Structure formats: structure tokens, C-alpha cells
Amino acid sequence: MSKYTFRSIEEKWQNFWAQNQTFAASDDAGSQPKFYVLDMFPYPSGAGLHVGHPLGYIASDIYARYKRHKGFNVLHPQGYDSFGLPAEQYAIQTGQHPSKTTQENIARYRQQLDRMGFSFDWQREVRTSDPEYYRWTQWIFIQLYQSWYDPSQDKARPISDLIALFEQGGSSALGQDLCRVLSENLSPELSVFQAADWQAFSQEQREAILSQFRLTYLAESEVNWCPALGTVLANDEIVNGVSERGGHPVVRKKMKQWSMRITAYAQRLLDGLDQLDWPEPLKESQRHWIGRSQGASVVFEVKGHQAHIEVFTTRPDTIFGVSFLTLAPEHELVASLTTAEQKQAVEAYVQASAQRSERERMADVKSISGVFTGAYAIHPLSGAEVPIWIGDYVLAGYGTGAVMAVPCGDQRDYDFAKHFDLPIPNIFKDVSIENEAYALKDPCIIDQSDFLNGLNYSQACAEAIKALEACGHGRGTINYRLRDAVFSRQRYWGEPFPVYYKNGLPQMIDPQYLPLVLPEVDAYLPTEDGDPPLGRADQWAWDTVQKAVVSNKHIDHDKVFPLELNTMPGWAGSSWYFFRYMDPQNKEVFASKEALDYWGSVDLYIGGSEHATGHLLYSRFWVKFLFDRGFISVDEPFKKLINQGMILGESAFVYRTADGKQLVSAGRIQDFDPKELQSVHCDVSMVSLTNELDVEKFIAWRPEYSGAVIVSEEDGTFKVKREVEKMSKSKFNVVNPDDICDQYGADTLRLYEMFLGPLEQSKPWSTAGITGVHGFLKKLWKLYHSGETESFYVSENTPSSEALKVLHKTIKKVNSDIQEFSFNTSVSTFMIAVNELSALKANERGVLEPLVVLIAPYAPHIAEELWSKLGHEQSIAGVAFPEHDPKYLVESSKTYPISFNGKTRFTLDLSMDLSKEEIEFAVLADERTQAQLQGRTPKKVIVVPGKIVNIVG
RNA sequence: GCAGAAGUGGUGGAAUUGGUAGACACGCUGGACUUAAAAUCCAGUGGACAGAAAUGUCCGUACGGGUUCAAGUCCCGUCUUCUGUACCA
């Protein structure tokens, strides 16, 4: 008697795979082609995995196993993004070292992952918080610091090249664009200099110049400061104005921070998207995030002032429609431009808008506010005087923080002008701006605009830019929404910067002293002086700097140099981890040249869409940088990317009266006043499939309801209300994959998660249908076991042609399903095949052996077991995947000419499996067909047994 | 507001280039086995109408139009839901 005992089978094969290193990728695979399948590695949280996490892992595992069957040398690793805020928050509360928490969480994750039978090559595991890993994160940081972006070659180059340029030709060695960078940010004597000047500059002066170009640099930048967390947050770590983790308020604050010059790569990050096989919505959101807009920069002189105001516009064609300028309240010229009469009003307005939180400003988009400065600017082309206003609809962080207002062509300018009764000159021919602005570019002709009259949008833009450049008051330019990324965090649990300071100037620690390992501290909070937590490790800082200084001969050894006490953000380690898997043990380099060249980039990357503008953009940036500097040979990290949908939870709610004295079943709520009823989450494990609550368990769990009156249904049951929400511990709707594995096994879980629906779609988790999938595995098992005793049996006879048809139909479908990532339909395909083979009582090796290979990527444990029972000693992994033999299928592409009424010739498209007799019968039998034809000659006739279904004319 | 995705039975969802709509599964109904339950197996299951039955006819893929011999699929308009994003000059 041999039953499908999934528990012992799964345990057996998981042990077998681990012992035999079945899934170890080879670095020397000869002629075998490589394939790199990667999951976005998880942050090991304390809550463990829920059934939503493995969805993507199962899909990638199926694909990885499939590719092994297809003869590829597959790299399919897994690791942990193990630096992160929750471990640190837990450390602050309990004093427990984050590395201990992290290790415990990783152990739990590993246990859960192992139960699901993934074919990960665990020899290659990486953890971002491992010093042997993050030494290379620190190393990459140093490389970024020692590089600059050269627009003339469109790539990053060593900073020494730039220094050489300065030594030879001073600032004029730079192109026009880079010269402008200098003049906009530095004093005149530092922005235009000769080679000799460069030699004469002090260390500080040189560094001030170089830091304008380095790919990572220190800058006094306005940041999102979260007082509750004591740290800076990136824009994508803030959701609705509060911190993503913890939901604490966030304020704007100026701080000296490390920044990453991702903006240098804006255009290449945009262009590179076209080559990538990524979901279009995801590419779209990266395009939007980069936010390229082409237009012009226009300089307005201010009447009676030295100052000038630079604005960016996408509509230089409308320049004669300017009737005022608007500055952001934070604009640097606000204070100096304001006239005495307006001073009070302006100050009040600036102060008021500074106090409005981000949240308020976002919530209140409609209301219009602003104030006149009293100053006037000179229109660069017409010479007209235009008033300068301040308005909070202009954002300090975009463009120059100032706009030229063209009320006839921009709705916001229009609304502002209406509100404050400013003129709205119409510069469009035959267009009414009675009620709203005319914001379309085409089709319209410019009017009332001097030399632009009669031109269309693109002609007028070109002419306006030409005129502006001629008078030195503007130029055509491209503006990006993308900002440089702040890279400093005031946290403990992150990579320390390999940086110390000499006379306020940053110095890189020599890579030979890496890793710069996190010190022990007595607490994980900022120090009393407001330094980050690393400020508590005085001895460590001293020792580290001493070591580094010894290596630097140019430095006075006796001086005390402060160490950088910030740490790197979470995305640092995740921006390059996919390379470390290629050569995880390497102590000399982050990965060897051979490994990097062999594995190249990730062929298939699976993960959630929430990383669209964070991780996926930063990784692309670092990869392009590493490529430029010759460390790697690919300039995009992820060729194909799939976003798996989120698996949502089905929360359960118990109704109770407001006073808590009665618990009300969902079917009885109409007996109560809705105002009197509240609903509370209850743990989904206490609720049956029919939404029936185990009241005793609930009361044991929530003793405050122990005395409550139970208002149940007429049949005596107590029902809960269901609602679909994100799976989360706090909503008590988490389903643990371990429980499913216990009850049904990992193969069932894997198949069921795929069966649930299309991979990319979000869907609620419901255990309702799992018995169907589990039943399928039992039927599959039975196919290989027959007779009274149900012992293993396969016949060595030649299979029947019916059985072979079923097999080859299945092979064809499964092959194409996997290539198209429609894993859900292949589960159905398997079910059909097993049902049909059972009905045929097919038990021949010629059918059953290929069938088990087909199923192996999906349900690897049962496949291995059956494979071994079929007499094979080697693992099924890597056994050649069956190809379908067309001779067992009527090819749908093949067309057969047949005669009709002795005259007309038809071509039959055999999309159904028919024998020839049936076709003839079908055509001859159908009378309606002849009526439909009406004398046309059809190209194609679609038939089903017994009748013609459709005719293609 | 903008961008993207999607609307198919009681439910999850199938449906090559337009070509038998509802595969497969859940649920439900009936039956077999059993003292019983579980498990397993068999049959039925979009709606309406006709028929004793086999079966037949009509209607059906959010709504309204259109193209076509043929539309879930293509085009135009409307509505709804989800997911991003937020005054980007």
C-alpha cells in the first residue's frame, strides 16, 4: 500500500538536494549557456514569511528549474537585505544588538524557505549586513567619490583625469555646461581659473571645485527629517507626509549630507529603459520620476537691483504672454527684492507657508494664495516691466524655484492672475481664453508677440530661444525632475562611511583597511550632542582614524580627525548585490572579472512593483557607473523584469455593540442600530471557510468579551464579516506558509499559489480551492500506482496513440505557458492531462516518464519521488525537458485543401483534432454553411466534429 | 487632475492572429461506497423558453454605438474598480 505521503517525500528530497548540492551553479560550465534568475531579496522581518511572500519565489523557481531542464547553467541565488530600520527600532527598545535580531530572523526565514523546496544555490547566499559584503559597498562608495561625470564622453571617469585637466588648462578645459555648473555654485575666482591658479589654490579651494563634480559629494541640503526616528528619510521612504515605517511626522530641515549625483545619469537612465523587457507601467513610472522636460532657461533682470531671476519654462514660445513672475516662498531672493511697503505682508506670507506642513499643502491644492513683492522685473525681449509675486504653487525644489507666469497658457498662472486681478494678455490667434487657459501646444498660432507672430509652437520656441541667446538672457535647456539622492542616515544599523575629515574636508579611508566594521555601542540612539549613534563609539572612531591616517603620509599623525558618523541608507547594499552572488566568497574584489563576464546581467528578475523608483533606479545608476569605470561589462542590471502581484489577506471582523456587552453575528446586524455597532478584527485562524467564528477561541483570545451576550444566527452559528486587506500582523489576517505545508505539503502550496490567478495580478488569499490542487497531486500519484495494493507500477508496453496525444498536447502547452509566464494555466493543463490519462488508464512508461519531467518545475518533490521510483538514481533536475512531437498533434498552422460540391476548393484550418473522415462529413453535412458562403471563396474553414463552425472569407 | 491596468457564471479564473465564450478549479445539487463521517468515485451545474427524453431555439463577456460573414477580443463614446503619481512651470 503506497499512499501519497507528502510530508516524508518532501523532507526526503529537501535533504537530498541539500546534501548533493543539486542546485549549485557552476562557474565553469563549458559550452553550456548561462541563465541568471533572481528574486528581489527579502528584508528578514520579525514576523516571518506569510503566504504572499513566496509567490514570486515560486514563479522564479519554476522558471529556474525549467531552464535547468532546458540545458542552461542556471544561477538562482537568494540572500537577505538585512540592514534596516525595524531591527534598529527593536534594538532601541530592548537593547538587543540588531545583528542578533537579524540573525534570528534570517534563521526563521531560511527554515520557512527550505520547506517550500526552492532550488536556491545557498552556497552563494549574501547578507548586506555582513562585513565581508559591505566592505564592497564601502569600496563602491569610494569609487563614486573618486569619479566625475564627463558629459563630453557621456561617462564617468576617474577624478584624477579631471585634476589633470585643471592642471593643464584650468577651468576652460571643461565644456560649457560644466563651466556653468561652477559659475552657478561657486564664487567667480573659483569658477574661472587658469592652470597656474589651480596650482595656487589651497586644498579647500580645490576640493570645493572637485566636489561640484564628484559622483558622491557633501552638500548642505534640505532633507526630510523625522524627529521621532532621529533620521533623514528619502522621498520614497515617506508616504502621505509621514514616515513609511512607523508613520511618524516628517519636517524639512537643512543638514550637511552625502549625496549621490544620480542626476548625472538622468538621460542615460531614461534612454536605457527602451532596451529593457520590463512591464510598461513600471518603465512609465521611471520615466515620470526622471521627468525630462525640454524648454528654455530665461533670465529676468530685476529693476533697480543687481540680482536677476532665472526661470525654467517648457513654453518659450509664449514668452510675450508673461504678465508677472512668481517665486516660491523659499526662493533666495525673496527677502532682498521685497520693497519696504510690502515687507510686512511678504514676511507674514513666507512664515505662514513655512509653517504649513507638507501634508496640509498637499491636501489643499485648490486654494490660491500669494503676495506681491513690490519689485518689478524687466522682460528680456520686450523690455516691459512685470511685477514679481510670491506664491506657494511654485515649488522651491523644482527648476529654479521661480516661474514666468503666462496666464493665457497655463491654468495655474491663469487662476493666480484671476485671483489677484493681474492682466491676462492673449497671445494665441483665434483662441478664446474667456474661461480658462489654453494649455495645448498644437494647433495654434502665436499672436501679439512681436517677431514670433504667425509661428506655430515649435517654430516659435526655436525663434524665442535664438533671440534669448543672442541677448544673453537665456538658452535652450533640459530640466529633470530627478533629484540627487541623499545618502546619509543618522542610524546605527547600516554601512559606516569609509570617511574621516581633515580640516573639514572628507578623506577616504584606504580600501586596504576595509571593511570598516560597525562598533559595539551602549545604546542605539543619537548621542546627547545630537551625533548619530556611532558617536557613542569614541574608541572605535579613534582607532579607525589612526589606522587610516597612518596610511596617508600627507597627514599630520598627531592630530585628531573626526570620523564620519552617519551610515548609508538601505538601498546602498541592494544596489549591487546581484553581482556578489556571482562570486560571493571573493576577498580580493567584489566579484572576479571572469565571474562578472560569464554571468553578465540578470536574465530574469522577479519582485514587487513598489521598488519601481527606488531600488530599481538606484541599481541601474550604480551599474551604469560600474560599467563606465570598467569594473563590469554590462550597463543594465536586469534584462527582463516581472512584477508579481500582491497576495492580499481576507480579514475577519466581529461586530460588537459600542458598549462591548454584545457580540453580534454578521447575519443579525439589521436588528441593531448601525450607530451602536462597531467591528473589530479577529484572527482569521479562528474562522472557518464558511465564515463561522469559533466563539470560545475568540473569547479566550480577547478575554474582555468573556461576559458578552452572543447574538448568533438562527441556526446557532456565529458569522463574521470578511474584507480584503493587505496581509499584516496587525490585521490578524496573516496565513503562514508553514501551516499550509503541514496540512497539504509544499508541492500543493506551490501549485496552488500559481493556480490562484495570473502572476502579475493582485489577489486575495483564500484557502477555499486548495483541495482541488491537492486532489490533483493525489490523482497524479495514483496514475503511477495501480492494482489492489496500489503499489508502484508502470507498464513497459508501447503507449496508445490516445495517451500519446494527451501527453504531447500537454508538453506543447506547458512549454509555451512557462515561456509566457502563465503558470496558472499550466496547472489547469496538468489537471486535464491527469484526468484524461486516468480515464484512458494509461500506465505506460513512454507516457508517465515525460509527464513527471513536465511537472517537476512546479511540484519538484513528488516529481523526484516518482522519478526515483521509475528507476533513476540521479535527480530529475536537469533532465531534458520533453519537446512535443507534432506527429501526435494535428498542427493548427497546417491547412488542407478539400473539395466541396465537386467544384469549390476550401482550405481547412485544423484547429481541432479531427480525422479526415470527420472533416469530409462535417463539410458535407452542413447546409447552413452553403447559405453563409453566398458565392464567396473562403480562405479558411473552421470545423468541429460534426459541423462547420465558421468560414473565413 | 494626470498616467497605467482592468471589468466574463454563485466564486477564483480560461479563451493563439477576431473564429464552438465560460476550460480548469472551488462551491452547490444528486448518486455510489460506508452503521456513520471523512476520503474517494460518478453525474449535473450561465440564463430563458420548448420537449417525456435525446435535443432544439433565443439571450448572454460593465453600458451605448460602430467595423466584420464572424467581436470578450478591433474602433468611438459612457460608467465603474484597482494601482501609481501629485501644483513639475
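Note that the structure is predicted; figures quoted are calculated from it, not measured.
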Self-check item: Salt-bridge criterion met for A:Arg287 and A:Glu280 (N-O under 4.0 Å)
Solution: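 Looking at A:Glu280 together with A:Arg287, the answer is yes, because their closest N to O distance falls below 4.0 Å.
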
Quiz item: So, A:Lys805 and A:Glu836, do they make that salt bridge, N to O below 4.0 Å?
Solution: no

Provide the distance between the two [atom1] atoms, one in [N] and one in [M], to the nearest whole Å.
{"N": "B:G10", "M": "B:C63", "atom1": "C1'", "answer": "23 Å"}
{"N": "B:U68", "M": "B:G46", "atom1": "C1'", "answer": "27 Å"}
{"N": "B:C26", "M": "B:G13", "atom1": "C1'", "answer": "11 Å"}
{"N": "B:C79", "M": "B:G64", "atom1": "P", "answer": "15 Å"}
{"N": "B:U34", "M": "B:C41", "atom1": "C1'", "answer": "13 Å"}
{"N": "B:G65", "M": "B:G72", "atom1": "P", "answer": "15 Å"}
{"N": "B:U83", "M": "B:A50", "atom1": "P", "answer": "46 Å"}
{"N": "B:U8", "M": "B:G47", "atom1": "C1'", "answer": "14 Å"}

OP1 or OP2 of [N] less than 4.0 angstrom from a side-chain nitrogen or oxygen of [X], does that happen here?
{"X": "A:Lys778", "N": "B:A39", "result": "no"}
{"X": "A:Gln761", "N": "B:C82", "result": "no"}
{"X": "A:Arg412", "N": "B:C88", "result": "yes"}
{"X": "A:Thr771", "N": "B:A25", "result": "no"}

Close side-chain approach of [X] to [Y], heavy-atom, < 4.5 Å:
{"X": "A:Val814", "Y": "A:Phe830", "value": "yes"}
{"X": "A:Leu617", "Y": "A:Leu482", "value": "yes"}
{"X": "A:His884", "Y": "A:Thr810", "value": "no"}
{"X": "A:Ile862", "Y": "A:Trp781", "value": "yes"}

Quiz prompt | Mutual orientation of the aromatic rings belonging to A:Phe324 and A:Trp389 [parallel < 30°, tilted 30-60°, perpendicular > 60°] | solution =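 Answer is perpendicular, since the angle exceeds 60°.
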
Quiz item: Relative to the ring of A:His615, is the ring of A:His611 parallel (under 30°), tilted (30 to 60°) or perpendicular (over 60°)?
Solution: perpendicular

Self-check item: Touch class at under 4.0 angstrom, heavy-atom based, for A:Ser293 against every strand present
Solution: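 Contact class for A:Ser293: sugar-phosphate only.
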
Practice problem: Test A:Leu851 against A:Leu780 for side chain to side chain contact (heavy atoms under 4.5 Å, CB included), laying out the working first. | Solution: CA-CA 10 Å; A:Leu851 182 71; A:Leu780 175 72; 4.0 Å; yes

Self-check item: Modelled atom types, side-chain donor and acceptor of A:Ser609 and A:Asn643, under 3.5 Å
Solution: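 No, A:Asn643 and A:Ser609 have no side-chain donor paired with an acceptor closer than 3.5 Å.
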
Quiz prompt | Anti versus syn assignment for B:G9, with syn defined as within 90° of 0 | solution =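 Syn conformation here, the glycosidic angle of B:G9 being no more than 90° from 0.
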
Quiz item: Yes or no on side chain to side chain contact (heavy atoms under 4.5 Å, CB included) for A:Asp413 and A:Tyr393, after CA distance, side-chain angles and deciding distance?
Solution: CA-CA 9 Å; A:Asp413 297 342; A:Tyr393 78 97; 2.8 Å; yes

Self-check item: CD/A:Glu610: more than 12 non-hydrogen atoms of other groups inside 6.0 Å
Solution: yes

Quiz item: Considering only heavy atoms, which members of residues 826-839 of chain A lie under 4.0 Å from some atom of RNA chain B?
Solution: A:Ser828, A:Met831, A:Ile832, A:Asn835

Quiz item: Going by number, which of residues 398-405 of chain A have a non-hydrogen atom under 4.0 Å from RNA chain B?
Solution: A:Tyr398, A:Val403

Practice problem: Whenever both distances are under 3.5 Å in a Watson-Crick or G-U wobble pair, mark it; put RNA chain B into dot-bracket that way, with [ ] for crossing pairs and | when the partner is on another strand. | Solution: (((((((..(((......[....)))((((((.......))))))(((((....)))))..(((((..]....))))))))))))....

